[in-house]
Amino acid sequence: MNIVMFGPPGAGKGSVSAFIAKEFHYSHIAAGDIVRAEAKRSHNKVEEFMKKGELVPDKVIMELVLERLKQPDCKKGFILDGFPRTIAQAKFLEQKKVHIDVVISLVVDEEEVVKRLSGRMMNPKTGEIYNIFTMKLPKGIKKENLTQRPDDKPEVIHKRLEVYNEQTAPVMQHYKKHHVVVDVDANSELDQVVKQVSAAIKNKRK
Ligand code: AMP
């Protein structure tokens with residue numbers, strides 16, 4: 001099955017997709033990871049857009065995602081996490097005849113999103129992600145040794161949410177007309193959200 005994982009920044013798209021990919025043996029394609037890898041690899045302006053909380057140009061991300069979708073592992077099914085984020089990107093998938101079986105929409109309150117994003121910290125040694133506002137740090141892990149994504153700083157979070165409301169939210173109206181959309185309440189704990197998404201996928205596979 002091919003799935004689009006949809007929702008605002010901080011909805012938990014990445015974490016939920018990782019669990020679902022593991023459970024169903026699908027490929028997890030995270031647009032944000034593709035953009036971060038591209039920013040490291042090349043010296044184009046990709047990183048500047050990201051740091052400001054803006055979307056990278058459609059043309060750039062479309063080419064990168066299409067290349068990824070051509071990889072053989074995608075044949076077993078994939079989860080698109082963070083793509084499409086504009087109507088043009090959604091239409092691009094349709095033009096390229098990329099079939100989507102179900103769109104999972106993670107629905108979460110803006111207040112919760114801000115708390116999750118501003119508290120998100122990474123252990124630079126292991127890549128593990130913690131949240132200093134919503135969880136207790138494991139023993140031996142100190143807040144001062146953790147790093148924050150440059151786009152999780154408060155002023156950039158605000159910009160990302162603005163971009164989501166203006167450019168990405170309208171994609172849902174488009175999808176509701178053309179695809180099967182399943183709304184999942186993503187305000188609760190991660191394992192609860194994963195359970196609901198997993199049930200929706202099983203239901204769709206029947
Ligand atoms: P994420 O890790 O999904 O929050 O993405 C991080 C950043 O990568 C975003 O704020 C954008 O700058 C860029 N990005 C990710 N996905 C897309 C997309 N589909 N279209 C344009 N820019 C994107």
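For ligands, and for the atoms within them, numbers begin at 1 and follow the listed sequence.
- Lys70 has a carboxylate O that lies under 4.0 Å from a charged side-chain N of Glu67, or vice versa, which qualifies the two as a salt bridge.
- The side-chain contact (heavy atoms from CB on, under 4.5 Å) with Val184 is formed by just one residue from the set Val193, Val107, Val16; it is Val193.
- Looking at ligand 1, you'll find an N or O of Val56 within less than 3.5 Å of one of its N or O atoms.
- Using a 4.0 Å cut-off between a side-chain N of Lys or Arg and a carboxylate O of Asp or Glu, Glu111 and Lys115 do not qualify as a salt bridge.
- Looking at Asn2, its side chain does come within 3.5 Å of a backbone N or O of His99 through a donor-acceptor pair.
- Of all the listed residues (Arg85, Lys13, Lys159, Met50), Arg85 holds the heavy atom that lies closest to atom 1 (P) of ligand 1.
- Looking at atom 5 (O) of ligand 1, its nearest protein heavy atom turns out to be Gly32 CA, 3.5 Å.
- When each atom of ligand 1 is checked for a heavy atom of Arg36 under 4.0 Å away, the hits are 2 (O), 6 (C).
- Ionic pairing of Arg160 and Asp152 is present here: one or more N-O contacts between side-chain nitrogen and carboxylate oxygen are shorter than 4.0 angstrom.
- Closest protein heavy atom to atom 20 (N) of ligand 1: Gln89 NE2, 3.0 Å.
- Heavy-atom contacts of Glu54 reach the following atoms of ligand 1: 11 (C), 12 (O) (cutoff under 4.0 Å).
- Among the atoms of Ile61, none of the N or O lies under 3.5 angstrom from an N or O of ligand 1.
- Salt bridge annotation for Asp183-Lys176: present, with a cationic side-chain nitrogen under 4.0 angstrom from a carboxylate oxygen.
- Counting heavy atoms closer than 4.0 Å to ligand 1, residue Leu55 contributes atoms from both its backbone and its side chain.
- The single protein non-hydrogen atom nearest to atom 14 (N) of ligand 1 is Val35 CG2, 3.8 Å, given as residue, atom name and distance.
- Close approach of ligand 1 to Arg160 is summarised as follows: ligand atoms under 4.0 Å from at least one heavy atom of the residue are 4 (O).
- Of the possible polar contacts, one joining the Asn131 side chain to the Arg116 backbone as a donor-acceptor pair under 3.5 Å is found.
- For Arg149, the closest heavy-atom approach to ligand 1 falls below 4.0 Å.
- When each of Asp81, Ile79, Leu69, Asp73 is checked for a side-chain contact (heavy atoms from CB on, under 4.5 Å) with Ile29, only Leu69 meets the rule.
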